[in-house]
Amino acid sequence: MEKIFCIVPVVIMTVIVFAAVVCRYILRNPIGWSEEITLMCMTWCVFGAASYAFYHGINVGVTFLVDRIGGKHGAAIVQMVIHLATIVFFLVLLYTSSMTLMNVMGKYSTAAHIPLAVPYSALPVGCVMCILRLIEMMLDSLKSR
């Protein structure tokens, strides 16, 4: 699922940026909405990639505590606490981003006239995907013990 949120926006961004460059420098007629759409696609890509990074373990992590705790069980407990703290962070972010999303409902972007709910919904959707991945990782960790 995360791959869709990463690949599709990048393809759309590539096509739009290429078309914008051709229109601006060859046809001498720039596309006014290309930057807005590109930023919206980038937003969706970033929050889809965050969940994908959790799933594959390629996200940036500070392992200082996990490395310092001796034994297999101590490190597993610290890792579980870190996962729980990260879930709490994403729950707070989900709440605040949902409130922001409610505030932009009915408003449209300046150049492309796209509902602002489209880019602003990327954050709540990304938070839900990250929370689900973290829960999956915690359950896998419990099963492997």
Side-chain angles (χ1 to χ4, degrees), residues 1-69 75-145:
M1 181 70 153
E2 293 94 346
K3 285 184 181 180
I4 293 170
F5 288 111
C6 294
I7 294 171
V8 172
V10 169
V11 169
I12 293 170
M13 284 187 331
T14 304
V15 169
I16 289 175
V17 169
F18 178 76
V21 169
V22 168
C23 287
R24 178 178 300 256
Y25 293 108
I26 295 175
L27 303 177
R28 303 275 189 231
N29 188 14
I31 301 173
W33 48 263
S34 62
E35 184 179 350
E36 274 186 6
I37 302 295
T38 302
L39 289 173
M40 289 179 192
C41 289
M42 179 64 77
T43 303
W44 276 95
C45 183
V46 165
F47 292 107
S51 178
Y52 184 80
F54 277 121
Y55 180 68
H56 289 285
I58 55 176
N59 55 321
V60 175
V62 179
T63 59
F64 177 76
L65 285 176
V66 177
D67 294 342
R68 294 286 182 203
I69 301 296
I77 291 170
V78 170
Q79 191 64 43
M80 196 67 65
V81 170
I82 290 170
H83 285 319
L84 285 171
T86 307
I87 288 172
V88 169
F89 168 77
F90 278 114
L91 285 171
V92 171
L93 190 58
L94 174 63
Y95 174 76
T96 56
S97 63
S98 297
M99 293 298 107
T100 304
L101 177 61
M102 293 301 139
N103 288 335
V104 299
M105 292 299 247
K107 297 177 183 174
Y108 294 87
S109 66
T110 307
H113 303 292
I114 292 178
L116 287 177
V118 172
Y120 279 85
S121 60
L123 188 51
V125 170
C127 286
V128 169
M129 289 191 314
C130 286
I131 290 167
L132 293 175
R133 282 296 177 197
L134 285 163
I135 291 171
E136 179 185 18
M137 290 168 62
M138 287 174 62
L139 292 175
D140 287 346
S141 175
L142 289 173
K143 285 180 189 177
S144 66
R145 290 171 84 194

Query raised in the report: Has the side chain of Ser51 got a donor or acceptor atom that lies under 3.5 Å from a matching backbone atom of Phe47?
Result: no
Query raised in the report: Thr96 side chain to Val92 main-chain N or O, any donor-acceptor pair under 3.5 Å?
Result: yes
How long is the span from the [atom1] atom in [X] to the [atom2] atom in [Y], to the nearest 0.5 Å?
X      : Y      : atom1 : atom2 : result
Thr100 : Met105 : OG1   : CE    : 12.5 Å
Leu93  : Leu123 : CG    : CG    : 4.5 Å
Ile16  : Thr38  : CD1   : OG1   : 5.0 Å
Ser34  : Leu39  : OG    : CG    : 9.5 Å
Ile135 : Asp140 : CD1   : CG    : 12.0 Å
Leu84  : Leu91  : CG    : CG    : 10.5 Å

Report task. Begin from the C-alpha positions of Met40 and Ser109 and carry the test side chain to side chain contact (heavy atoms under 4.5 Å, CB included) through to its verdict. Result -> CA-CA 10 Å; Met40 289 179 192; Ser109 66; 3.8 Å; yes
Quick check: closest heavy atoms across [X] and [Y], and the distance to 0.1 Å?
X      : Y      : value
Val10  : Cys45  : CG2-SG, 3.6 Å
Ser121 : Leu101 : N-CD1, 3.8 Å
Pro119 : Thr43  : O-CG2, 3.8 Å
Met42  : Met13  : N-SD, 3.5 Å

Query raised in the report: Quick check: are there more than 12 heavy atoms from other residues, nucleotides or ligands sitting under 6.0 Å from CD of Glu36?
Result: yes
Query raised in the report: Does a sphere of radius 6.0 Å around CE in Met137 hold more than 12 heavy atoms from other residues, nucleotides or ligands, not counting ones at 6.0 Å or beyond?
Result: yes
Query - Parallel, tilted or perpendicular, as decided by the 30° and 60° cut-offs, for the rings of Phe5 and Trp44 - result: parallel
Requested in this report: Check step by step if side chain to side chain contact (heavy atoms under 4.5 Å, CB included) holds for Met80 and Ile77.
Outcome: CA-CA 5 Å; Met80 196 67 65; Ile77 291 170; 5.6 Å; no
Report task. Output, in order, the C-alpha distance, side-chain angles, deciding distance and verdict of side chain to side chain contact (heavy atoms under 4.5 Å, CB included) for Glu136 and Tyr55. Result -> CA-CA 9 Å; Glu136 179 185 18; Tyr55 180 68; 4.0 Å; yes
